[in-house]
There are 2 protein chains.
Amino acid sequence: MSVTIKDVANRANVSPSTVSRVISNNSRISDATKERVRAAMAELNYQPNLIARSLTNKSTKTLGLLLPGSKADLLLNPFFVQAMRGISSYAKEKGYYILFTHADNDEDEVEVLSNLVGSQWVDGIILTTVKDNDRSIAFLQYRKHPFVVIGKPDDEKNTYWVDNDNIKAMYDVVDLLIKKGNKNIGFIGGSHEFKVTKYRLLGYLKALKVNNIKADLNLIYEKDYTEEAAYEATKEMIDYQTPDAIVTTDDLIAFGVQRALLEQGIEDVSLVGFNNTVISQYKKPSISSVDINAEKLGMFAAKLLINQIENIPMETNNYIIDTKLIERDSTK
Amino acid sequence: MSVTIKDVANRANVSPSTVSRVISNNSRISDATKERVRAAMAELNYQPNLIARSLTNKSTKTLGLLLPGSKADLLLNPFFVQAMRGISSYAKEKGYYILFTHADNDEDEVEVLSNLVGSQWVDGIILTTVKDNDRSIAFLQYRKHPFVVIGKPDDEKNTYWVDNDNIKAMYDVVDLLIKKGNKNIGFIGGSHEFKVTKYRLLGYLKALKVNNIKADLNLIYEKDYTEEAAYEATKEMIDYQTPDAIVTTDDLIAFGVQRALLEQGIEDVSLVGFNNTVISQYKKPSISSVDINAEKLGMFAAKLLINQIENIPMETNNYIIDTKLIERDSTK
DNA sequence: CTGAAAGCGCTTACAG
DNA sequence: CTGAAAGCGCTTACAG
């Protein structure tokens, strides 16, 4: 059916081995034959069968991308789409394909990975979330399969990863709010299960400490990553005390906070979200949010993974990607 | 390194052929050997090398997904992410992987496809957009490579495709607006290059006609798919005449329209968007929008493609997916 | 500088 | 019911 290396060989009157060497531009082949073979390839419109090549090379030049099971995350959080773009761009540049899969739920995740690794479809895997005692990470380490994670893992030293400096990102936000005169600052985060929540909370606490403000546990909430949970948390917090400002670990959470605040007619509480979703700028008032530079996270994740796969020496096993607070009306 | 069919064969004291037959559950193998082989597979933790299988079967059981080059689209329009989910779910159920690529621009697209097809990585391809004289479609038809498109193509009969009934979707919207008492209804669409624009315009015109309203060309705009273009178009339209309602072919366009209306202090013009983006519900006033059921579009696209690949007889070469107007404040 | 041969890990027609 | 052999389309060590 399709043209193979053999057809090209016949056409150019050489052996298949020679054609293969011309493809890889082997220096031991004379320029004359190279030209002849290339002409034959062009005439026949030859394109190498990458499956066959993968089998002999034991390398597919494709990266596996595992997306979270939860659908809401994917749709609401631009992080995943942006990260995908970054990954895709870098991979394309380096000649890699991206295979993507999603787990239906947490339990499913290791099985999905197991199939992917076992089938030998991918040279490496990109994980887009990290949890405490992450079973996916444990599995990939156990299988000694190349992988990279977006987010700082437990085992920082022996894992390849990219992340923002979430402690610093939140520290900067809270420090700025304090400098602007806010004293009582509430924190509403997602579940502690997710690393980002933890680090952002640490940054929050650090900023308070540095500025000699005593943390008040009644102003700190860690709930689900939903708007509704944030809405409830805010109402509870207000019952206790209306803070000067509320920082959150996600725009979605900030939306819930804003809804609760508006309902109570409270307008002078500053509010900051995370991830800089498209929606945050459309809110009334528009919500300040931290841009985590997801596309760059994706690019560098792909870079770490590909270098690892190709055994390219690296001076580091991780990259810290800069963040940036986008100030809007909610902090004015 | 990894365990192969040969290792299993040794362990179970059978030939590799037999192991292969057990894997495919060939009925000619005795239950006794089947059990023995399965035990060996379990003990060795055997997983078939899918690359090798692909090479002999000449089928990779993976689908190629081509995403648009434009980044804005991906981020703003939930269509792509939702469609991806639908595709991914169906594919997973049927044991297919998804390979995704993006073109950097329109010219690049055919080349990306050519590489994908030529490399023999994918059994079929899913196209997520359709244009007039679509070169990607032409290419895939020429190469006789299985594919399906999301959107109605020029060659409806000989192509596999899924789409909404865009004529009907817009017809219903406009008809409803008219029934509600709106007479002068403006239309602001994206570029005519995209099929959806065309069909939605037809639906608009049809609804006017059926209701004996004469179309006014000064109330019809086809511009870029950007908020800015829509904003300008709206201002122009208002200069000519303020309509009772404005229908658009995309939420992004509706956002531009709304901005222009609010700036002019116009509050009594009904407005309808398309694609039911998350943002539309957060606007003030919230914007009514047509949900095009992207996840279902994706699922049925995957279904058509996989059936085609596996030569499963089908009674149809296309599916029309239902749409639904989500009414919000902008049409009250 | 080039070719013949072996091998990657499967599947399947053929033979028994 | 099971096995030996050929083949999928490449790459590369070995030989010349």
Side-chain angles (χ1 to χ4, degrees), chain A residues 1-38 40-41 44-62 95 97 115 117-123 310, chain B residues 1-38 40-41 44-62 95 97 115 117-123 310:
Chain A
M1 200 61 228
S2 48
V3 13
T4 74
I5 216 172
K6 236 169 145 179
D7 302 319
V8 177
N10 285 336
R11 179 102 180 187
N13 267 314
V14 292
S15 74
S17 332
T18 301
V19 176
S20 176
R21 291 195 183 98
V22 172
I23 292 169
S24 60
N25 203 14
N26 187 311
S27 59
R28 293 183 308 179
I29 304 291
S30 74
D31 288 347
T33 25
K34 269 188 187 170
E35 212 150 303
R36 199 145 39 91
V37 171
R38 284 191 183 126
M41 295 199 297
L44 297 175
N45 226 317
Y46 171 74
Q47 284 186 267
N49 180 324
L50 292 190
I51 300 294
R53 183 182 283 174
S54 295
L55 183 60
T56 82
N57 287 347
K58 296 191 154 306
S59 151
T60 56
K61 290 230 151 204
T62 110
Y97 283 128
N115 287 332
V117 170
S119 71
Q120 279 156 79
W121 256 125
V122 297
D123 292 346
E310 300 187 347
Chain B
M1 199 62 227
S2 50
V3 13
T4 72
I5 216 171
K6 235 170 146 180
D7 302 318
V8 176
N10 286 336
R11 180 101 179 189
N13 269 314
V14 293
S15 73
S17 332
T18 301
V19 176
S20 176
R21 291 196 182 98
V22 173
I23 292 169
S24 60
N25 203 14
N26 187 310
S27 60
R28 291 183 310 177
I29 304 291
S30 74
D31 287 347
T33 28
K34 268 188 186 169
E35 213 151 301
R36 199 146 39 89
V37 170
R38 285 194 180 123
M41 295 200 297
L44 297 175
N45 225 316
Y46 171 73
Q47 285 186 266
N49 180 323
L50 293 190
I51 301 294
R53 184 181 283 173
S54 296
L55 183 59
T56 82
N57 287 346
K58 296 189 153 308
S59 151
T60 57
K61 289 222 145 206
T62 111
Y97 282 128
N115 287 332
V117 170
S119 71
Q120 279 156 80
W121 256 126
V122 297
D123 291 347
E310 300 187 346

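First the proteins, then the strands, lettered A, B, ... as listed; each starts at 1. Atoms considered below: every heavy atom in the structure, side chains included; atoms not considered: hydrogens, waters and symmetry mates.
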Tell me whether the side-chain N/O atoms of [X] come closer than 4.0 Å to OP1 or OP2 in [N].
X: A:S15; N: C:dA4; answer: no
X: B:K6; N: C:dC8; answer: no
X: B:Y46; N: C:dG9; answer: no

Closest heavy-atom contact between [X] and [Y]?
X: B:G118; Y: A:Q47; result: CA-OE1, 3.3 Å
X: B:T62; Y: B:W121; result: OG1-O, 3.6 Å
X: B:V22; Y: B:I29; result: CG2-CG2, 4.1 Å
X: A:D7; Y: A:S2; result: OD2-O, 4.0 Å

Find the distance [X]:[atom1] to [N]:[atom2] and express it as a whole number of Å.
X: B:I5; N: C:dG7; atom1: CD1; atom2: C1'; result: 16 Å
X: B:N13; N: D:dT2; atom1: CG; atom2: P; result: 12 Å
X: B:D7; N: C:dC8; atom1: CG; atom2: C1'; result: 13 Å
X: B:Q120; N: D:dG9; atom1: CD; atom2: P; result: 8 Å
X: B:M41; N: C:dC10; atom1: CE; atom2: C1'; result: 14 Å
X: B:N10; N: D:dG3; atom1: CG; atom2: P; result: 12 Å

Indicate yes or no for a side-chain donor-acceptor contact from [X] to the backbone of [Y] under 3.5 Å, with no hydrogens or angles considered.
X: A:K34; Y: A:N26; result: yes
X: B:S54; Y: B:L50; result: yes
X: A:S119; Y: B:N49; result: no
X: A:D123; Y: A:S59; result: no
X: A:R36; Y: A:A12; result: yes

Stem regions touching DNA chain C, defined by at least 3 consecutive Watson-Crick or wobble G-U pairs below 3.5 angstrom: C:1-3 with D:14-16, C:5-12 with D:5-12, C:14-16 with D:1-3

Hey, can you pull the residues of residues 23-37 of chain B with a non-hydrogen atom under 4.0 angstrom from DNA chain C? none

Tell me which residues in residues 50-57 of chain A lie within less than 4.0 Å of DNA chain C, going by non-hydrogen atoms. A:L55, A:T56

Mind checking whether B:T60 and B:Q120 have side chains closer than 4.5 Å, heavy atoms only? no

Span that lies between the P atom of D:dA6 and that of D:dT2, in whole angstrom: 23 Å

So if I take every side-chain heavy atom of B:K58 and compare against C:dT12, D:dC8, C:dA5, which nucleotide ends up nearest? D:dC8

Between C:dC10, C:dA4, C:dT11, which one does the side chain of B:S20 approach most closely? C:dT11

Do B:R38 and B:M41 pass the side-chain contact (heavy atoms from CB on, under 4.5 Å) test, and can you show the C-alpha distance, the side-chain angles, and the key distance before you say yes or no? CA-CA 5 Å; B:R38 285 194 180 123; B:M41 295 200 297; 4.0 Å; yes

A:I5 vs A:I23, side-chain contact (heavy atoms from CB on, under 4.5 Å): CA-CA, chis, key distance, verdict: CA-CA 10 Å; A:I5 216 172; A:I23 292 169; 4.2 Å; yes

Considering heavy-atom distances to DNA chain D, does A:P48 or B:S17 have its closest nucleotide positioned more toward the 5' end? B:S17

Residue met sooner reading DNA chain D from 5', once A:V19 and B:P16 are mapped to nucleotides: B:P16

